Amino acid sequence: MRDSGIKHYIYGIGTLAGAKKAENLYFKTDEEFNQKAEEILSDKWNVEIYVLHIND
């Protein structure tokens, strides 16, 4: 299998109301991931992120 360089994958967001929103966000760097995670969690309705961290 070919290495895609993907290090982080956000597959969903949990909201304050208990809903789960599907996402498909892929990140190759820690900086990109951290920036997007902060952006998502700065929304007062979002309370958690469902993410996979892929070891290299």
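The residues of the chain are indexed from 1 along the displayed sequence. Only a predicted model underlies this, so the values are computations on that prediction, with no experimental measurement involved. All values below were derived from every heavy atom in this structure, side-chain atoms included, with hydrogens, water molecules and symmetry-related copies excluded.
Remark: Glu48 pairs with Tyr50 by the side chain to side chain contact (heavy atoms under 4.5 Å, CB included) rule, at least two apart or across chains. With sequence neighbours left out, the side-chain hydrogen bond (donor to acceptor under 3.5 Å, both in side chains) criterion links Tyr9 to Asn24. Residues satisfying the side-chain hydrogen bond (donor to acceptor under 3.5 Å, both in side chains) criterion with Thr15, sequence neighbours excluded, are absent altogether. Partners of Glu39 under the salt bridge (Lys or Arg N to Asp or Glu O under 4.0 Å) rule, at least two apart in sequence or in another chain, are Lys36. Annotation: salt bridge (Lys or Arg N to Asp or Glu O under 4.0 Å) contacts of Asp43 (sequence neighbours excluded): none.
Hydrophobic clustering, defined by side-chain heavy atoms of Ile, Leu, Val, Met, Phe, Trp and Tyr closer than 4.5 Å, groups Val47 together with Leu16, Trp45.
In this structure, Tyr11 and Val51 approach most closely via the heavy-atom pair CE2-N, 3.5 Å. Taking every heavy atom of both residues into account, Leu41 and Ile49 meet most closely at CG-CD1, 3.8 Å.
The distance from atom CZ of Phe27 to atom NE2 of His8, rounded to the nearest 0.5 Å, is 9.0 Å. Atom-to-atom distance recorded for Gln35:CD and Thr29:OG1 is 9.0 Å, nearest 0.5 angstrom.
Identified under the salt bridge (Lys or Arg N to Asp or Glu O under 4.0 Å) test for residues 20-29, with sequence neighbours left out: none.
For the pair Ile10/Ile40, a side-chain contact is recorded, criterion being any heavy-atom separation below 4.5 Å from C-beta on.
Under the 4.5 Å side-chain heavy-atom criterion for ILVMFWY residues, no single connected hydrophobic cluster contains both Ile6 and Phe33.
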